[in-house]
Amino acid sequence: MAEHESLEFGKADFVLLDNVSLEEFMANLKLRFEKGRIYTYIGEVVVSVNPYRAMNIYGRDTIEQYKGRELYERPPHLFAIADAAYKAMKRRNKDTCIVISGESGAGKTEASKYIMQYIAAITNPSQRAEVERVKNMLLKSNCVLEAFGNAKTNRNDNSSRFGKYMDINFDFKGDPIGGHINNYLLEKSRVIFQQEGELQRCFKCIFQLMKGAPDAQLRSLHIQRDPTAYTYIKVGGQIKSSINDSADFKAVTDAMKVIGFTTEEIQTVYKILATILHLGNLKFGSDGDVTLIENSKLVSILGDLLSTKDENVEKALLYRTVATGRDVIDKQHTHQEASYGRDALAKAIYERLFCWIVGRINDIIEVKNYDVRVHGKNTVIGVLDIYGFEIFQNNSFEQFCINYCNEKLQQLFIQLVLKQEQEEYQREGIPWKHIDYFNNQIIVDLVEQQHKGIFAVLDEACMNVGKVTDEMFLQALNGKLVKHAHYTSRKLSPTDKNLEFDRDFRIRHYAGDVAYSVVGFIDKNKDTLFQDFKRLLYNSSNPVLKAMWPEGKLRITEVTKRPLTAATLFKNSMISLVENLASKEPYYVRCIKPNEVKSPLLFEHERCKHQVEYLGLLENVRVRRAGFANRQIYPRFLQRYKMISEFTWPNHDLPSDKEAVKRLLQSCGFEHDVAYGKTKVFIRTPRTIFSLEEQRAEMVKRIVLFLQKVWRGTLARMHYRRMRAALIIIRAYRRYKVKSYIRDVNRRFKNVRGMKDHGKHVKWPTPPKVLRNGFVFKIFIQIYFRWWAWTLIKDLSPEQLVQIRAKVATLECLKGQRADLGLQRAWEGNYLVSKKDSPGTASSFTLISSDLQRKDKFMRVLFSCNVRKINRFNKAEDRALLITDRHLYKMDPVKQYKPMKSIPLYNVTGVSISPGKDQLVVFHTKDNRDLIVCLQGMVPAGDSRIGELVGTLLIFLKMNKNNATQNMTQTCNN
């Protein structure tokens with residue numbers, strides 16, 4: 001069974017239809033076509049519907065999906081059948097074949113190419129050069145055969161006008177080592193005639209030559225590029241086509257070179273094509289009783305192309321040599337006989353050319369020097385691409401042969417399917433029940449039976465002496481087959497007005513009734529070609545052309561057997577083909593054409609229904625469904641469905657897989673619908689399969705979720721372990737780098753105590769990244785500089801230490817704000833008692849400050865200095881500033897430093913200074929009565945005392961934990 005697909009795509013296997021009826025079959029086929037599913041199974045048969053569009057389902061990725069898989073494990077595909085045939089050949093050492101059938105335009109040729117492509121892709125894994133060469137030649141042979149055997153028709157741009165059976169030989173390792181091609185019933189009449197009004201052309205190679213050959217080559221062949229200049233192809237030459245004949249010409253020529261055709265052989269091939277074109281333009285006239293060639297210039301052209309004398313060409317066209325006893329007579333042709341001989345020659349030359357090309361390819365690709373004792377058994381996969389059943393408005397000898405071929409293949413198909421079924425049942429020990437089916441052996445016998453069959457009657461008519469007409473042949477059929485249930489004619493059924501008197505007969509084929517016109521049956525069966533033409537071509541100086549006509553070496557008077565008729569040759573080839581196929585294990589591809597207009601969207605119900613009927617697809621489904629719809633070997637079945645039952649999941653402990661399958665089906669309640677063979681389980685109805693698939697699909701979801709959960713947990717734990725390991729490594733590495741850095745620092749700063757600058761000149765080592773941006777490195781620096789500062793200040797007095805702290809506070813507060821902070825000099829603090837600033841008034845200030853100390857109880861003077869006060873009227877006056885540990889005093893130096901204003905320090909909220917040289921200071925108070933002064937009277941002049949004032953206040957306020965410290969820090973920069 002095919003891999004379970006959603007029901008929106010229909011049933012992937014017609015065997016699984018609920019009801020086996022034509023309506024159900026067609027509905028499923030249409031649904032799958034509309035959903036883009038062009039392949040469907042009937043057991044091991046692939047039904048293929050031509051999609052008429054490119055589909056991305058043939059690439060390398062798709063090939064890998066089907067390689068080595070069973071049919072039911074993947075959705076239906078050509079690759080699945082190709083792989084099944086290859087596996088059967090390789091595993092069981094058994095010859096297999098793939099039979100591709102269907103009407104023109106159904107996609108048979110493309111299917112055969114995809115099968116060849118798949119086999120080429122999966123073989124020769126060791127890339128042996130010889131095997132690659134063989135594979136390349138097998139693929140290239142398709143290109144050449146398509147050019148010479150295919151043509152554009154009203155149904156198909158690349159219609160095969162011959163049947164082809166290719167054997168691919170494999171060595172014991174399963175690699176291709178050669179092949180062989182058989183061709184059947186080339187439609188050679190297409191060379192000289194294509195019906196007007198139909199979109200069809202002559203064989204592709206002729207148009208490729210005219211459109212793609214270089215000008216010099218065309219001149220050597222006396223050919224023009226205009227197809228309408230040639231009678232034989234005039235009709236087809238007027239048809240517009242999307243085919244790139246020019247590119248195809250180069251591809252075919254290159255392919256012939258790759259296969260092994262010599263330059264002379266390729267040139268001869270194109271000379272023969274040119275000969276056919278020129279033959280069609282020959283016109284015959286008459287002068288009394290004498291038949292003449294009107295355009296005699298063409299005779300010399302034909303002589304040049306055929307490498308023979310002009311007079312010999314002209315004689316062969318106008319005369320026929322007849323031997324009567326020992327006498328030889330040249331009998332002149334009538335106008336009608338000359339035209340018939342010309343056309344017969346054109347058809348025969350092309351047919352002989354095609355057969356020679358096939359034979360030449362076979363000579364090159366056939367297995368040579370293969371010894372079974374040395375190389376192992378040689379196995380074969382055959383690929384049959386042959387015409388399907390044909391029913392036209394006018395059905396002639398060709399359609400009769402083609403339909404006989406399909407009768408033979410249908411008979412083989414049903415017999416082999418039944419035989420396979422019966423053999424499998426017997427092999428597995430399952431009781432076999434007789435299956436009723438339509439046996440078309442009666443129709444095959446109607447055509448090929450000796451003495452009574454239609455072919456026998458036709459051959460007998462052709463052997464009669466005298467003038468035998470098609471009407472006489474029909475009368476003979478009526479006499480022989482008057483009581484046959486599958487034959488009728490207008491004479492036997494006078495009321496059937498669909499048949500013409502003395503022209504038509506009807507056969508009731510398995511695919512439907514077909515009326516044939518006997519017009520041309522006699523001539524086509526005789527397939528007469530005058531011996532003069534054979535001698536003409538045999539006597540050519542071109543060795544390739546000469547080799548194509550070995551029978552031309554016979555002497556005129558030499559008596560030969562009557563050549564076999566076309567019908568007999570075809571019947572013998574069909575019998576041989578069927579015997580060949582019957583000896584192999586067959587696989588089938590049934591191709592269906594969905595519509596006549598090559599639309600990828602249109603599904604013509606009646607047309608498809610007709611094809612389903614004549615391909616016998618419904619019959620095939622009934623045969624397959626008559627017993628058990630599905631069967632699988634126990635291990636495969638268990639592998640697919642074991643998750644359904646607790647007894648088999650994840651692994652069973654029963655004695656065998658067979659017992660495990662029994663237990664599984666019993667737990668699901670299906671034991672009444674199955675049978676157990678030796679190696680396979682047989683399931684009767686599709687419903688059981690669908691139920692199993694539904695349960696499996698549900699369990700697969702749960703298993704997937706469980707696996708996802710377990711896997712995600714595993715991934716998380718793996719990620720955690722990796723992260724933890726990385727963290728341990730990083731920590732260890734960081735410790736190592738830090739320790740290395742500390743050792744380096746210790747080494748460099750080991751002797752700094754004995755250095756004059758205490759190691760200030762020592763360069764710090766570059767810290768590792770772990771310390772570069774962290775606080776540890778800064779701590780190291782701070783520790784050193786703290787130690788370095790401690791060594792500098794450890795011997796200072798308490799007064800000096802207070803001054804140092806004040807300077808540090810000033811630097812922290814005003815760094816970068818003023819150019820001179822007075823840090824280089826000693827800070828005296830109480831400058832008004834100094835005789836430098838106030839030499840005449842120092843005693844007065846001392847007396848006043850002593851009185852204030854007794855009155856306000858301050859402990860010490862923090863700062864004193866002469867200032868200039870600026871009042872609200874912008875008037876400047878000299879004043880003195882005294883700052884103690886309790887108050888800030890404004891004094892008048894003129895009046896013996898009489899205090900003018902006293903501000904408690906706890907009322908001071910902040911200090912603002914200017915960045916200029918004016919040394920302006922603003923003391924902010926809680927009552928907003930700020931004091932604005934400029935320090936002055938310094939000795940030496942210009943000495944900066946702003947820094948000393950700020951630093952002294954900061955240190956004092958910090959020591960007393962005054963809230964004004966914060967405001968002072970914020971405003972001292974303004």
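None of the values given here were measured: they were computed from a predicted structure. In this chain, numbering begins with 1 at the start of the sequence shown.
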Please confirm whether Arg37 makes a cation-pi placement over Phe9, using NZ or CZ under 6.0 Å from the six-membered ring centre and within 45° of the ring normal. yes
Is there a ring-ring contact (aromatic ring centres under 6.0 Å, His included) between Tyr784 and His758 once you walk through the steps? CA-CA 10 Å; Tyr784 167 73; His758 301 291; 9.4 Å; no
Sequence neighbours left out, what passes ring-ring contact (aromatic ring centres under 6.0 Å, His included) with Trp649? Give chain and number order. none
Taking NZ, NE, NH1 and NH2 as the nitrogens, is one of them in Asp254 or Lys250 under 4.0 Å from a carboxylate oxygen of the other? yes
So, using ring-ring contact (aromatic ring centres under 6.0 Å, His included) as the criterion, who are the partners of Phe780 when residues are at least two apart? none
So do Thr925 and Thr909 actually touch side chain to side chain, heavy atoms under 4.5 Å? no
Salt bridge check: are Lys67 and Asp83 linked by an N-O gap of less than 4.0 Å? no
Sort and list the pairs that fulfil ring-ring contact (aromatic ring centres under 6.0 Å, His included) and have at least one residue in residues 875-905, not counting sequence neighbours. Phe845-Tyr897, His887-Tyr889
Pairs in or reaching into residues 908-929: which pass salt bridge (Lys or Arg N to Asp or Glu O under 4.0 Å), with residues at least two apart or in two chains? none
Could you check whether Arg945 makes a cation-pi contact with Tyr831, meaning its NZ or CZ is under 6.0 Å from the centre of the six-membered ring and within 45° of the ring axis? yes
For residues 719-727, which side-chain N or O atoms pair as donor and acceptor with protein atoms under 3.5 Å away, sequence neighbours left out?
none

Who are the salt bridge (charged side-chain N to carboxylate O under 4.0 Å, His left out) partners of Arg818, not counting sequence neighbours? none
Taking 4.0 angstrom as the limit, do Arg696 and Glu698 come out as a salt bridge? no
